[in-house]
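One structure below.
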Amino acid sequence: MRQGVLLYGPPAAGKDTVTAALVELGAGYVPFARLKIGSGKTDGYRMGTPQQLADLEARGNVIYRNDRYGNTYVIDQPGLEAAMAGGAVPVVHLGQMVGVERLAALFPARWARVLLWCSRETTARRSAERGDSDTTARLAAWDATRTDLAAHPQAQWDLRLETDDTAPHEAVKMIDAIVHPASTHT
């Protein structure tokens, strides 16, 4: 069965850092580049157009979309199919529970669900350290993520990590043990 990793958490919780460490580990991990329609940061995204989005929607190929920071972010069926080619294990970043639920329901795979969390203060510090020009919006997203998580107490997580207290290499060992239980990669 196909496999993937869902990383859920607020901005600056460490999704990019953990993904980079998983990719470095090997074992087939690849970052999933969401389709982004808009402006700003392009690294880690497949930049698209409103027409591409309309075409995907018309074909029923949008698994999840969200609008944040003045942009539209999309998890699409063709993008995930390509990311899983050859047995690769895509690492998908999400910040909304509805996205976690839709992806798990609409794209058959064995998804390792990982909650990455950090304090609001850590989000503010990390956002400033990485040069975000919209830290205030990131903090509003942190608040929204906390509210979203509280509204979904039934959420099932394979792993919950406090990234204030867990080093990336330790997080990767724990995630890889879920994805590859007999792994020798650690």
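- Formation of a donor-acceptor pair under 3.5 Å by the D76 side chain with backbone atoms of V62 is not found in this model.
- Between the side chain of T163 and the main chain of A13, a donor-acceptor pair closer than 3.5 Å is present.
- Of all heavy-atom pairs spanning A155 and M97, the tightest one is CB-CE, 3.5 Å.
- P11 and A141 make their closest contact through CG-CB, 3.6 Å (heavy atoms, listed as atom of the first residue, atom of the second, distance).
- The two residues P31 and T19 make their nearest non-hydrogen contact at CB-CG2, 3.7 Å.
- Checking side-chain atoms of D158 against main-chain N and O of V114 turns up no donor-acceptor pair under 3.5 Å.
- Looking only at distances, a side-chain donor or acceptor of R46 sits under 3.5 Å from a matching main-chain atom of A33.
- Residues Y64 and Y73 keep their aromatic ring centres 6.0 Å or farther apart.
- The existence of a salt bridge linking D16 and K41 is confirmed by a sub-4.0 Å separation between a basic side-chain nitrogen and an acidic carboxylate oxygen.
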Distance-only criterion, 3.5 Å: show the donor-acceptor pairs between side-chain atoms of residues 81-89 and protein atoms not counting sequence neighbours.
unit_1 : atom_1 : unit_2 : atom_2 : d
E81    : OE1    : R2     : NH1    : 2.9
E81    : OE2    : R2     : NH1    : 3.3
E81    : OE2    : Q77    : NE2    : 3.0

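- The pair E129-R126 does not count as a salt bridge, with every side-chain nitrogen at least 4.0 angstrom from each carboxylate oxygen.
- The side chain to side chain contact (heavy atoms under 4.5 Å, CB included) search around T72 returns I37, L53, R65, D67, V74, not counting sequence neighbours.
- Between R146 and R120 the shortest side-chain heavy-atom distance does not fall below 4.5 Å.
- For the pair L35/L56, a side-chain contact is recorded, criterion being any heavy-atom separation below 4.5 Å from C-beta on.
- Scored by the side chain to side chain donor-acceptor pair (under 3.5 Å) test, Q51 finds D55 as partners (sequence neighbours excluded).
- Contact check for L7 versus I175: side-chain heavy atoms found under the 4.5 Å cut-off.
- Here the side chains of I63 and L80 are in contact, with some heavy-atom distance below 4.5 Å.
- There is a path of hydrophobic side-chain contacts, each under 4.5 Å, that joins W111 to L149.
- Salt-bridge annotation for D132 and R130: present, with a side-chain N of the basic residue lying under 4.0 Å from a carboxylate O of the acidic one.
- Heavy-atom minimum distance, A171 versus L161: CB-CD1, 3.5 Å.
- At distances below 3.5 Å, at least one donor-acceptor pair connects side-chain atoms of N71 with backbone N or O atoms of S39.
- In this structure, W157 has its ring center no closer than 6.0 Å to that of W117.
- Checked against the 6.0 Å centroid criterion, the rings of H152 and Y8 do not qualify as a close aromatic pair.
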